[in-house]
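Here, residue 1 is the first one in the sequence, and each next residue gets the next number. What you are looking at is a predicted structure, and each value in this text was computed from that prediction instead of being measured.
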Amino acid sequence: MGPNAKVVVLNNWTSVRDLLDLRGNVHLAFMPYGSQWRTARKTVMEFLKSSEVDKLLPLQHAESVQLIHDILHNPERWRDYSTRMFGAVIMASVFGIRGTDISPEGKIMTFFDVQAEWSGIVAQGAAPPLEVFPFLKYIPDFLTPWKGYKRRLADVKRRQNKLYHDLASEAKTRIDSGKGQDSFAAAVFRNNHKTEYSQEGLDYLLGLMMEAGSDTTANVFETFVLALATHPKLQAQIYEEVDRVFGQKVMPFASASSDDLPLLRACFYELLRWRPSVPMAIPHATMRDDFYEGMFIPANTTILMNSWAINHDPDEYENPDSFDPSRFLKHPLGLKSTPDTTDKVLDESIEDADTSYGFRRQNYGFGAGRRVCAGQRMAENSMMMTMAKLVWAFDVVPAHADAQLDTSVHAWTDAILMTLKHFGVRFVLRSEDKRAVIEGEWERADGFLRKFE
Ligand code: HEM
């Protein structure tokens with residue numbers, strides 16, 4: 001909760017547009033909106049703008065080849081490999097370091113471990129509501145339901161800081177020795193005479209990219225695997241599309257610009273709508289007093305954007321709880337009708353909002369307002385690359401033919417970042433010829449990825 005213990009939950013897209021996108025007088029609870037944030041956002045946007053991010057496609061291709069090769073050889077560990085892959089794309093592009101290790105002590109798994117712990121600690125209801133009941137701080141820790149909360153928070157923060165610091169130091173040493181010159185870290189170190197980040201600021205800025213870009217994307221990919229296993233007819237249609245474009249002899253190289261894969265792209269949009277991995281986005285907070293539709297919202301009120309409710313609004317989406325990518329083939333925003341666009345003054349500055357639909361965003365899975373996800377294009381490239389290869393290589397089926405896989409909300413953990421609980425799937429190689437193609441591509445990919453060692 002915000003410092004004044006007040007919370008406003010935005011449950012429809014028009015209130016998100018009005019309060020976050022058009023007024024923009026809010027900031028993120030975790031890093032106040034101010035000059036420090038503006039500098040960081042500018043640095044991050046420079047690296048994540050489409051023209052720069054598309055240069056990472058060969059890396060995303062090579063890493064996704066490794067993912068498919070890993071699944072082919074050891075399908076039981078597919079989730080470890082998916083975690084590794086999305087972490088490794090950020091490690092290589094941000095720090096210039098290759099991430100191959102999937103042992104629990106390796107950098108990527110340590111990162112995911114710390115991240116899961118942090119996400120659990122800050123989840124709604126897991127932290128003591130000290131702003132509402134200040135007397136709680138006088139109650140001995142062992143008598144509260146949040147027993148050990150402070151110690152756990154301090155411990156996770158210490159582990160996180162150490163990990164970020166170690167990664168930044170390793171990147172610096174490599175960059176000083178002439179390696180990793182085109183990484184985000186190298187650009188940040190080169191320009192630091194202008195931006196003047198402290199050591200802690202640098203560690204945090206680089207760590208933030210890892211935090212923001214890896215498990216979010218891994219979660220969406222894992223949801224795709226579940227969607228394939230539970231929608232065999234749809235899977236056959238996606239395979240048909242991928243096969244038509246790439247054929248049998250090469251592994252797909254797909255990206256956000258692949259206009260010849262409309263169904264695959266629709267799957268990406270539908271995954272973000274159906275099961276948004278950050279269902280309440282990141283808490284924002286108002287900087288000053290405000291009025292909205294007759295309501296007074298004092299400064300320092302926490303603003304929660306309920307992407308889940310927006311994405312499942314039955315007035316806007318046909319059968320909102322069904323996974324149905326075709327809705328995005330019928331309507332660019334996946335809607336059953338066009339929302340009213342006439343009542344609001346439009347502001348040309350909103351990124352990624354479609355003016356033809358009254359500044360409604362294409363989807364709300366990436367948040368909204370000034371703090372909207374900076375990595376949307378990078379996420380779409382990574383997802384298109386991996387989804388196309390997965391479908392090209394394997395038929396994804398439930399582990400037990402007669403078992404019904406759960407796709408209800410109960411199949412996910414309840415935390416800031418929704419993660420799928422265990423579910424059983426098998427990956428059936430589509431043809432023996434493809435095994436040889438995968439092995440050949442893997443050799444080339446491994447050669448490419450060696451430059452990050
Ligand atoms: C499908 C995958 C992804 C999802 C669902 C996602 C979702 C989000 C959400 C919900 C936010 C908070 C927005 C808000 O508060 O309104 C966010 C912020 C952010 N995301 Fe993503 N994200 C994804 C991938 C990425 C990638 C690949 C990167 C690249 C490193 C990235 C970088 C960022 C950054 C830097 C921010 C913070 C922006 C700021 O505070 O100014 N994200 N993301």
Side-chain angles (χ1 to χ4, degrees), residues 56-86 88-89 98 100 102 217-218 220-268 271 325 380-401 405 423-450:
L56 299 174
L57 285 169
L59 166 68
Q60 286 159 312
H61 174 64
E63 281 295 359
S64 53
V65 168
Q66 169 156 5
L67 172 65
I68 300 303
H69 183 260
D70 286 344
I71 296 177
L72 179 67
H73 285 272
N74 195 354
E76 276 77 39
R77 295 198 69 181
W78 75 272
R79 284 189 74 168
D80 288 337
Y81 296 135
S82 134
T83 305
R84 184 210 67 79
M85 191 229 118
F86 291 100
V89 166
R98 185 171 182 185
T100 46
I102 57 160
T217 325
V220 183
F221 178 73
E222 289 165 14
T223 302
F224 180 60
V225 171
L226 178 65
L228 289 178
T230 47
H231 297 77
K233 275 197 202 127
L234 172 68
Q235 181 169 195
Q237 288 163 2
I238 307 170
Y239 176 64
E240 218 180 280
E241 179 178 273
V242 168
D243 183 56
R244 194 170 53 240
V245 174
F246 298 100
Q248 300 287 311
K249 298 203 167 71
V250 286
M251 284 181 86
F253 184 104
S255 73
S257 318
S258 300
D259 292 336
D260 43 5
L261 299 170
L263 181 57
L264 197 68
R265 177 172 307 124
C267 282
F268 175 61
L271 289 165
E380 188 168 344
N381 281 343
S382 270
M383 281 300 298
M384 290 293 285
M385 207 59 109
T386 41
M387 290 190 305
K389 286 189 185 67
L390 182 77
V391 173
W392 176 89
F394 305 109
D395 189 14
V396 182
V397 296
H400 306 287
L405 291 174
F423 62 100
V425 283
R426 281 191 309 121
F427 299 87
V428 183
L429 187 64
R430 289 194 184 269
S431 75
E432 275 308 310
D433 290 350
K434 288 194 169 171
R435 187 186 298 277
V437 180
I438 296 170
E439 294 295 348
E441 294 259 13
W442 158 239
E443 267 183 41
R444 276 189 293 281
D446 188 39
F448 173 86
L449 292 169
R450 290 221 175 105

Tell me, do [X] and [Y] make a side-chain contact under 4.5 Å, heavy atoms counted?
X	Y	answer
Pro75	Arg426	no
Gln248	Asp433	no
Ile438	Leu429	yes
Pro262	Glu241	yes
Thr386	Phe224	no
Ile238	Leu228	yes
Val391	Arg430	yes
Gln60	Leu57	yes

So which heavy atom on [X] is nearest to which on [Y], and how close?
X	Y	value
Val396	Gln235	N-OE1, 2.8 Å
Lys434	Trp392	NZ-O, 2.8 Å
Ala388	Ala254	CB-CB, 3.9 Å
Ile68	Lys389	CG1-CB, 3.7 Å
Ala229	Leu405	CB-CD1, 3.8 Å
Val242	Pro252	CG1-CG, 3.9 Å

Inset, instruction - Verify, without hydrogens or angle tests, whether His231 (side chain) and Ala227 (backbone) share a donor-acceptor contact under 3.5 angstrom. - result: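 At least one qualifying donor-acceptor pair exists.
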Value rounded to 0.5 Å, distance of [atom1] in [X] from [atom2] in [Y]:
X	Y	atom1	atom2	answer
Met385	Ser64	CE	OG	5.5 Å
Thr100	Gln66	OG1	CD	7.5 Å
Leu56	Asn381	CG	CG	8.5 Å
Met383	Leu390	CE	CG	9.5 Å
Glu380	Met384	CD	CE	6.5 Å
Leu449	Leu59	CG	CG	6.5 Å

Legend entry - Worked check of side-chain contact (heavy atoms from CB on, under 4.5 Å) between Leu261 and Phe268: CA-CA 11 Å; Leu261 299 170; Phe268 175 61; over 6 Å; no
Legend entry - Carboxylate-amine/guanidinium proximity below 4.0 Å for Asp259 and Arg265: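 Salt bridge between Asp259 and Arg265, a charged N being under 4.0 Å from a carboxylate O: yes.
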Inset, instruction - Step by step, work out the side-chain contact (heavy atoms from CB on, under 4.5 Å) result for Arg84 and Asp70. - result: CA-CA 11 Å; Arg84 184 210 67 79; Asp70 286 344; 4.0 Å; yes
Inset, instruction - Evaluate the ring planes of Phe394 and Phe427, with Trp represented by its six-membered ring, and classify them as parallel (under 30°), tilted (30 to 60°) or perpendicular (over 60°). - result: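 It falls in the perpendicular class, over 60°.
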Inset, instruction - Fit a plane to each ring of Phe423 and Trp78, take the angle between them on a 0 to 90° scale, and name the class: parallel (under 30°), tilted (30 to 60°) or perpendicular (over 60°). - result: perpendicular
Inset, instruction - For residues 435-444, pull every pair meeting salt bridge (charged side-chain N to carboxylate O under 4.0 Å, His left out), keeping only residues two or more places apart or in separate chains. - result: Glu432-Arg435
